[in-house]
Enquirer: 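I have a structure I would like to understand better, so I am pasting it below and will then ask my questions one at a time.
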Amino acid sequence: MKRIVAILLLAILGSCANASSQTVIDVWAMGREGEVIGDLIPQFERENPGIRVRVQQLPFSAAHEKLLTAFVGDALPDMSQLGNSWVPEFAALGALEPLDQRVAASADVPRADYFPGIWDSNLVDGKLYGVPWYVDTRLLFYRRDILKRAGFDHPPRDWAEWRRQMVAIKKLVGPDKYAVYFPLNEYEPLEILGLQAAEPMVTDDARGNFGSAGFRKSFDFYLGTMRDGLAPVAASTDVANVWDEFDRGWFSFYITGPWQIGEFKRRLPPEHQGEWMTAPMPGPDGPGVSNAGGSSLVLFKSSAKKDAAWKLVRFLSRPDIQSKFHALTGDLPPRISVWKTPALANDPYSKAFGEQMTRMRATPKVPEWERIATDLKLVTEKAARGVLSPDRAIDDLNKRADETLAKRRWVLLRQKRQGDAS
Amino acid sequence: MNRERAAWGFVAPALIALGLFFFLPVVAALILSFTDFDIYALADIGNLRFVGLDNYLHLLQTPLFWKALGNTAWFVLLGVPLSIAMSLAAALLLDSKLARFKGILRTVYFAPVVTTLVAVAVIWRYLLHTKYGLVNWVLGGIGIGPIDWLGDPHWSMPAIVLFAVWKNFGYNMIIILAGLQTIPEELHEAARIDGASAWQRLRHVTLPGLAPVLLVVSILTMAGYFQLFAEPYVMTQGGPAESTVSILYFMYEQGFKWWNLGFASAVAFVLFAIMFALTLLQLRVSERWMR
């Protein structure tokens, strides 16, 4: 009997010793990045023998629900990839660990080396909640040959020029084809045009601001393309294969993101590869901004192993690892220095993205933004199909946004009152 | 006394489980529906307000709720009779003496019920594809132009009805088939001897004999069709132009996409009230009809 107790004791002590020498951190990652991160972990574990990383992959479509449910159930991992448009929401929940001090103390995460727009998307009320991991910004993919035949030797630099080019292309391609394609079931193209306006789409006191002169101009530009037949009134479900249609010249301009570089290279026939190119977004008056999308690396407040998890954040942020990550995924690195490596500096399609990244703006930093953007899409589709007049659509947008933000206004007021009281 | 205590002892585990996992959550959801529970309340319970009936009033003023209700009503009005008619037809076929290969047919008809919805929904999306789908190919053969089944707001709901009826009619068919087999053969024989035609026998012998079964089937089917969710979730995500948003899909989006749990609970109770009222109505009507 005594011997058994002794063995058991030894076993327990042994496992304790084991646990203290090996910290296991749980990491959640999504989609393609979730697959690729597994290839980078072995190097991290070699460099940090005391830390073992357990990665769980989530599908992107279920990630948001899963993270929220995990927050409610107190089952969040130590570190996660988080879409940076979700950062304001999880910051509002109080789920995220502020990172300012850790960044200040880590020389290998220099703020100055990050593109400002993407860094800014991780700031909520002046506090940093995530370190940018990769960037997803959208810009113009266009048909060089058609543009040339229409009489232009360069992509548009501002809206006026873009509009002139679209009119010329439409004249060239005839009634069955179009100059640009804005899928009606995607809010991103209009969101980007809205971000280009001088005024924010949501005010600081949590109200919809779609009636501003700037947004109106964006809205008119967008709807004008459909009114004048420059863009088809079509959703992406109406188009069986967007690459084929692009190849046939059904449209010549398309706003989309870096993941399409690989798709265009693979899906357009080899003899047409020279005909497409990428260009930065034209703005209302000169080069324009685009959305600062992408994913960040975050630590959760509930984690007991933040120091070990932070080591992994620093590792994944290192320029050499970011280069590797880019080679594996094609995702765009957020660090300026990585863009000087040959793989990115010499790629003609990436060049426009590098330039666009100096001009990025975060979407409004309220947890409700995705919902407002969904309404933006729904109302705009009605306006595009002629069910609502543009003025009615703007009113409707403001009304819906105000309704969505009602609770936020109350919470802000409550916080202010509490601040005044204390 | 002792016997009574023993009885309670036997029932207690079941009652405790029911109370814990059924009544308690229902009561909690009811309370939730009087609050504005959302992500701000998740972050800090101080952000939770009791709003009384506000959620319900707000719900009645939400256009998308009415649209979802309308879509669901469409679905029920179109789907329930169609589904029952098909189940009945299939059951009569399987019950008749003329039919052959009954075993195979029964399997074929019942197979959709037991297959995974997501898998068959994907296949149906291929079948309904505008350009390459089999359904449009067949319609094209009889001179009907291609229909954009899932992309056109007018056709999206009929397409989903078609799919749901196909998916579910086998279940009712089995119940009706069991009902058919309880109708005494002598009644049919007596009617035949009295010179009743096949149609008259169906009208005066089979259907009255099936009435209780049909009532159960119609209540179950209606309840099931009111809870339409997975079909639009997999096939259309509520689109195009919100034409396939059902009440349950609306509730799911409010609750689990936007995390407005208070509001979503209110939706659940409104749906419950509607279904409860309609079931009562059905019972009343059938009572009169059966007399």
Side-chain angles (χ1 to χ4, degrees), chain A residues 61-62 64-69 71-74 86 88-96 184-185 234-241 244 301 366-372 374-375 377-382 384-385 387 396 399-400 403-415 417-418, chain B residues 35-49 51 54-55 58-59 61-64 67 118 125-126 128-133 136 146 148-153 155-156 159 233-245 252-263:
Chain A
S61 54
H64 184 256
E65 270 165 61
K66 169 116 179 163
L67 282 159
L68 265 178
T69 316
F71 169 73
V72 177
D74 202 15
W86 300 346
E89 184 175 355
F90 284 87
L93 282 172
L96 301 179
L184 284 176
N185 54 344
S236 67
T237 44
D238 301 335
V239 177
N241 181 323
D244 279 354
K301 248 185 203 159
V366 291
E368 296 88 351
W369 176 248
E370 196 170 332
R371 224 178 130 187
I372 297 174
T374 306
D375 280 341
K377 173 186 78 181
L378 292 170
V379 174
T380 305
E381 179 171 4
K382 284 187 196 160
R385 295 193 189 275
V387 182
D396 202 12
K399 215 183 106 211
R400 286 177 183 230
E403 213 167 277
T404 304
L405 292 164
K407 179 74 180 269
R408 181 172 179 79
R409 286 196 297 278
W410 180 80
V411 169
L412 289 177
L413 201 71
R414 179 172 177 260
Q415 281 168 355
R417 261 194 232 124
Q418 281 177 346
Chain B
T35 70
D36 65 348
F37 197 94
D38 59 3
I39 67 151
Y40 293 109
L42 273 181
D44 172 4
I45 202 72
N47 286 334
L48 183 75
R49 289 179 290 181
V51 295
D54 272 11
N55 281 332
H58 182 208
L59 186 60
Q61 290 160 15
T62 305
L64 185 57
K67 175 130 199 185
V118 175
R125 260 171 47 188
Y126 281 117
L128 292 170
H129 193 280
T130 318
K131 283 184 194 160
Y132 316 112
N136 275 339
D148 187 2
W149 288 101
L150 295 174
D152 182 339
W155 286 108
S156 52
Y233 180 70
V234 180
M235 301 209 3
T236 55
Q237 297 277 301
E242 299 180 332
S243 60
T244 56
V245 175
Y252 159 79
E253 281 211 321
Q254 288 296 332
F256 295 100
K257 197 162 170 199
W258 312 129
W259 222 251
N260 289 331
L261 285 175
F263 191 59

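What you see is a predicted model, and the numbers here were worked out from it, not measured in a lab. First the proteins, then the strands, lettered A, B, ... as listed; each starts at 1.
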Enquirer: Under 4.5 Å heavy-atom distance to chain B, tell me which part of A:Thr404 shows up: side chain, backbone, both or neither.
Expert: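 A:Thr404 has no heavy atom closer than 4.5 Å to chain B.
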Enquirer: Would you say CH2 of B:Trp258 has more than 12 non-hydrogen atoms from neighbouring residues, nucleotides or ligands within 6.0 angstrom?
Expert: yes
Enquirer: Which bit of A:Gln415 is near chain B, if near means a heavy-atom gap under 4.5 Å: side chain, backbone, both or neither?
Expert: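 A:Gln415 has no heavy atom closer than 4.5 Å to chain B.
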Enquirer: Between CD of B:Glu253 and CZ of A:Arg371, what distance do you get to the nearest 0.5 Å?
Expert: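 One finds 9.5 Å between CD of B:Glu253 and CZ of A:Arg371.
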Enquirer: What heavy-atom pair brings B:Tyr40 and A:Ala92 nearest, and what distance separates the two atoms?
Expert: CE2-CB, 4.5 Å
Enquirer: Counting heavy-atom pairs under 4.5 Å to chain B, which of A:Arg385, A:Glu381, A:Lys407, A:Glu65 comes out on top?
Expert: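 Winner by heavy-atom pair count: A:Lys407.
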Enquirer: With only heavy atoms counted, which part of A:Arg408 is less than 4.5 Å from chain B, the side chain, the backbone, both or neither?
Expert: both
Enquirer: Can you list the steps and then say if A:Leu68 with B:Phe256 is a side chain to side chain contact (heavy atoms under 4.5 Å, CB included)?
Expert: CA-CA 9 Å; A:Leu68 265 178; B:Phe256 295 100; over 6 Å; no
Enquirer: Is the backbone of A:His64 close enough, under 3.5 Å, to the side chain of B:Lys257 for a donor and an acceptor to pair up by distance?
Expert: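 No; judged by distance alone, with no hydrogens or angles, the pair does not exist.
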Enquirer: Under 4.0 Å between a Lys/Arg side-chain N and an Asp/Glu carboxylate O for B:Asp44 and A:Arg414?
Expert: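 Answer for the salt bridge query: yes.
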Enquirer: Determine whether A:Leu93 and B:Trp259 satisfy the following criterion, side chain to side chain contact (heavy atoms under 4.5 Å, CB included), listing intermediate values before the conclusion.
Expert: CA-CA 12 Å; A:Leu93 282 172; B:Trp259 222 251; over 6 Å; no
Enquirer: Side chain, backbone, both or neither: which part of B:Asp36 has a non-hydrogen atom closer than 4.5 Å to chain A?
Expert: both
Enquirer: Using heavy-atom distances under 4.5 Å, tell me whether B:Glu242 contacts chain A through its side chain, its backbone, both, or neither.
Expert: side chain
Enquirer: Side chain, backbone, both or neither: which part of A:Glu89 has a heavy atom under 4.5 Å from chain B?
Expert: both
